[in-house]
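Notes follow the structure.
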Protein chains: 2
Amino acid sequence: MSNKRVTIYDLAREMGISVSYISKALNGHPAVSERVKNAVRKLAEERNYKHNSQAVNLRRGSARTIGVIVPQIDKSFFSEAIAGIEEVCSENGFSLIICQSHDSYEKECEAVSTLIHQNVDCVIISISAGTHSPDHLRNLQANGIEVIQFDRYIDELDSFKVISNDEEVSGDVVKDFIRKGYNRIAFIGGPEHLTIFRLRKKGYLKTLKEAGLPILKRFVFDDSLSKEQASAIAANLLTLENPPDAFFTVSDEQALGVLQAARALGVRVPEDLGIVGFANESFTGIVSPTLSSVDQKSKEMGKRAANLYFESMTVKQRGGPVSVKKDIIKAKIISRESSRRDADKPGSL
Amino acid sequence: MSNKRVTIYDLAREMGISVSYISKALNGHPAVSERVKNAVRKLAEERNYKHNSQAVNLRRGSARTIGVIVPQIDKSFFSEAIAGIEEVCSENGFSLIICQSHDSYEKECEAVSTLIHQNVDCVIISISAGTHSPDHLRNLQANGIEVIQFDRYIDELDSFKVISNDEEVSGDVVKDFIRKGYNRIAFIGGPEHLTIFRLRKKGYLKTLKEAGLPILKRFVFDDSLSKEQASAIAANLLTLENPPDAFFTVSDEQALGVLQAARALGVRVPEDLGIVGFANESFTGIVSPTLSSVDQKSKEMGKRAANLYFESMTVKQRGGPVSVKKDIIKAKIISRESSRRDADKPGSL
DNA sequence: TTGTAGGCGTTATCAG
DNA sequence: CTGATAACGCCTACAA
């Protein structure tokens, strides 16, 4: 039953040649004749030989593996990013270890530990909402592991970063609202210690100011990432005497929360209330009304992040200097029903 | 910069004691005095020592790891199941390697190969739609790796199985439809080579028959798992002279496809058309109308699957016989708006 | 209580 | 072409 694993020793014994020769044959070493190679491969196949990655990696000193840490894998933004990373990795013969932080700092640290133990060569991470300090990431770097941040990042950490033009596109959202006649625009943000949420808020505030619209403090909320929080905030604001006529949220979950609150109160979307979220999650296209959102090109972000690693490897091997930098991927507003007021044409901006 | 990894040799050299003693201290071996243990641990912490899992696993002959293969991680059914597996694994000090088959047989085989190479102790799998034969899974078993199937399984493979009472609950769905006055019930199924889809269809057919309702061949479709296929089928049937008044689908994606087709044709749901899907995906609760679905208790399925492994390990260690068996978890209809016709009370069945 | 030696499976190096 | 040997980092008999 529980057959012992077949090793190259077994093959060597059976063929009456040495282990090292078997190894070379299996790896296509040029110093081995085709005849022997074929014979060895045939036997390996027959005996169902599988190399032991543990041993290979130990020997090589690298696992040829990239670790990925994201808050949740069941959000399409992240699963698409992972798909992008996976694609580039497999092209380069690397594997992936996927970890979830569930937006908890402790879980994120655990994941970091696991990945160090697993001897990964690189960690691609989107920071959890509960993470305030980058020390655990410095720990990775101290172990010679390349760190690449995407989307949610900590600016002060010296690492590659793949991000959206958050401030700019947030401004675009506000401008789009204004153009459509919305002018009492509320904002529901995320934790301020993460740069992207600061930038999205900055873009919102700046654009309101430039447009000469008043900034109402009671319309601006931070650190309310959950659907429930957003829903509560919306329910609250919508029952004010002078309620907002639009919500810009930094995530689609929040946008959904706002939509549900509006529904519950009988507020019509988009006629009485415009809503735009962030990330272009797959559910935004199937709720009714469909939700407008900022598409961050998640898959491309993932691909870019992984490529950054392989490119920097090549440069390093050549001894060239690696300039740490931010890679900005332009996001784009996907205009759907929830912000389609007035003469706005169907389709995107 | 790229500091070499710290090993127990480094610690040993620095403290002037032997490697094996360091190892014992780090692992809390009883033969080491508390004083030494503390000193070693302190230094390990200071020097940022991290054990190398590759080496440990190679030595131990097991990676203490479970591999998981599912079609897609961004479906809540699977991500919840994974959450359940993760929970049980971490309780037992095991790690997880997650692979996606994207419903392709080739990708599934690749994943199997990777997991063998990684020396996993067990593979928990939900079979891809493209998989017709269990030979690759036999390969796992031949390498001494326990195989546990859940949800989508191949019956002929001798392994643990954690599954729903598919036939029974499918019958319940049909009965529920009938009770509410729907009696021209169409069925959109999956590939017949996967047992669960056969069983769901069987439950549907059997119950129709028992209820004395005619079985209309043009209302029954196999192997149409995608949203698009389901949508096309629904659009087709709904424009017949005598269209169906209900759809039972074996997935929620299909149910969504039907809903969208109905919307496009102006068919009212649930008044003119009832819809019930399968898996209780998270989006079923946020579309309008909300979609009724069969809740398979995905997280519990995951936990049960993982527990099965650890329990069988314990039994095997005691030398006891392991009786291979199916573990059935009762699914439950979650009745939402899409099937709420007549005097049906809100809430579940 | 402490240390020595061997081996987990693989591959690179060097010698025939 | 072919093979012996050391080493990757760690742990465990066994010895002292």
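Chain letters run A, B, ... following the sequence lines, proteins first, then strands; residues in each count from 1.
Residue K50(A) qualifies as enclosed at atom NZ: its count of foreign heavy atoms under 6.0 Å is above 12. Within a 6.0 Å sphere centred on NZ of K107(B), heavy atoms belonging to other residues, nucleotides or ligands number 12 at most.
With rounding to whole Å, N119(A) atom CG is found 18 Å from dT10(C) atom P. With rounding to whole Å, H51(A) atom NE2 is found 16 Å from dC8(C) atom C1'. Atom CG of L58(A) is separated from atom C1' of dA6(D) by 13 Å (rounded to the nearest Å). Rounded to an integer number of Å, the gap from R5(A) CZ to dG9(C) P is 9 Å. Between the P atom of dG9(C) and the CG atom of D10(A) lies a distance of 8 Å, rounded to the nearest Å. When the P atom of dG9(D) is taken as reference, atom NE2 of H117(A) falls 15 Å away, rounded to whole Å. Summarising the geometry, the separation between CZ on R60(B) and P on dT12(D) is reported as 9 Å, rounded to the nearest angstrom. The CD1 atom of I8(A) sits 5 Å away from the P atom of dT10(C) (whole-angstrom rounding).
Under the side chain to side chain contact (heavy atoms under 4.5 Å, CB included) criterion, E106(B) pairs with S104(B), sequence neighbours left out.
Of the candidate nucleotides dT10(C), dC8(D), dC10(D), dT10(C) has the atom lying nearest to any side-chain atom of Y49(A).
Between R152(A) and D103(A), at least one side-chain N (NZ, or NE/NH1/NH2) sits under 4.0 Å from a carboxylate O, which counts as a salt bridge.
A44(B) approaches L11(B) most closely through the heavy-atom pair CB-CD1, 4.0 Å.
Between L115(B) and the options I97(B), D121(B), I125(B), a side-chain contact (heavy atoms from CB on, under 4.5 Å) holds for only I97(B).
The aromatic rings of H117(B) and H51(A) sit parallel to each other, their planes meeting at less than 30°, with 60° as the upper class boundary. Between H132(A) and H193(A), the ring planes lie parallel to each other; the angle is under 30°, not in the 30° to 60° tilted range. Ring geometry for F310(A) against F94(A) counts as perpendicular: the plane angle is over 60°, on a 0 to 90° scale with 30° as the lower cut.
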Nucleotide N/O to protein N/O under 3.5 Å, stretch nucleotides 4-6 of chain C:
unit_1, atom_1, unit_2, atom_2, d
dT4(C), O4, S20(B), OG, 3.0
dG6(C), N2, R59(B), NH1, 3.4

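Contacts between residues 25-37 of chain A and DNA chain D, defined by a heavy-atom separation below 4.0 Å, involve A31(A), S33(A), V36(A), listed by number.
S23(A) comes within 4.0 angstrom of a base, heavy atoms only.
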